[in-house]
Amino acid sequence: MFKKILVVEDDRKTLSSLYTLLMQHGYEVQTLTEAEYIFQEVTAFNPHLILLGALSHGSNGAMICAALKSAPLTSKIPVISVLGSKQSLVKLYENADCSPDDFIMKPINAQVLLNKIEYRFIAN
């Protein structure tokens with residue numbers, strides 16, 4: 001059975017790169033550029049893990065992360081935050097309600113990301 005990963009990222013270049021990388025490594029991948037639809041997508045796709053970008057187009061990655069971690073439907077799904085800067089990391093942890101399971105900084109090191117994903121699957 002393929003592990004399912006939902007990638008939520010508003011940067012289309014990053015989204016495309018992540019999609020290709022994950023598909024090449026045997027994951028079933030669904031992408032989303034609009035975070036406002038995340039709960040509908042989670043219900044439809046039922047992912048085993050969510051890669052969540054910082055998001056800049058009207059959504060805040062930390063707020064989305066907090067909502068995911070507090071909702072019964074999604075609280076047990078591992079979330080790895082994809083961050084573009086150290087400022088994004090600071091903002092992420094300023095939000096006390098947001099507690100991603102892990103994070104990775106851009107530019108993304110493919111092997112590091114794959115290791116983090118596999119670790120989350122083993123840990124859960």
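Position 1 is the first residue of the sequence; numbering continues from there.
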If you take all heavy atoms of Pro100 and Cys65, which pair is closest and at what distance? N-SG, 3.7 Å
The criterion is side-chain hydrogen bond (donor to acceptor under 3.5 Å, both in side chains); which residues satisfy it with Glu28, sequence neighbours excluded? none
Which residue, Thr20, Leu21, Leu51, Val7, forms the side chain to side chain contact (heavy atoms under 4.5 Å, CB included) with Val29? Val7
For Tyr19, all residues meeting side-chain hydrogen bond (donor to acceptor under 3.5 Å, both in side chains), sequence neighbours excluded: none
Between the main-chain N or O of Val82 and the side-chain N or O of Lys106, is there a donor-acceptor pair closer than 3.5 Å? no
For Thr14, side-chain hydrogen bond (donor to acceptor under 3.5 Å, both in side chains) partners two or more places apart: Asp11
So which atom in Ala71 and which in Phe39 form the shortest heavy-atom distance, rounded to 0.1 Å? CB-CE2, 3.8 Å
Would you compute the distance between atom NZ of Lys3 and atom CD1 of Ile117 and round it to the nearest 0.5 angstrom? 12.0 Å
Same apolar cluster (I L V M F W Y, side chains within < 4.5 Å links), Met105/Tyr119: no
Nearest-0.5 Å distance that lies between atom CZ in Arg120 and atom CD1 in Ile77: 14.0 Å
Quick one: closest heavy-atom pair of Leu52 and Ile64, and the distance? CD1-CG2, 3.9 Å
Leu18 versus Leu113: any side-chain heavy-atom pair under 4.5 Å? yes
Expected output: side-chain Ser17 to main-chain Lys13 donor-acceptor under 3.5 Å: yes
Heavy-atom side-chain contact between Leu114 and Tyr27 under 4.5 Å: yes
Any salt bridge (Lys or Arg N to Asp or Glu O under 4.0 Å) involving residues 62-83? Give me the pairs, sequence neighbours left out, ordered by first then second residue. Lys69-Asp101
Non-hydrogen side-chain atoms of Phe121 and Ile5 separated by less than 4.5 Å: yes
Are side-chain heavy atoms of Pro47 and Val42 found at a separation under 4.5 Å? yes
With a 4.5 Å limit on heavy-atom distance, are the side chains of Ile38 and Thr74 in contact? no
Does a side-chain heavy-atom distance below 4.5 Å link Val8 with Ile50? yes
Asn115: what forms a side-chain hydrogen bond (donor to acceptor under 3.5 Å, both in side chains) with it, not counting sequence neighbours? Gln111
Thr31 vs Glu9 side-chain heavy atoms within contact, under 4.5 Å: no
Can you sort out the partners of Lys4 under salt bridge (charged side-chain N to carboxylate O under 4.0 Å, His left out), two or more places apart, ordered by chain and number? none
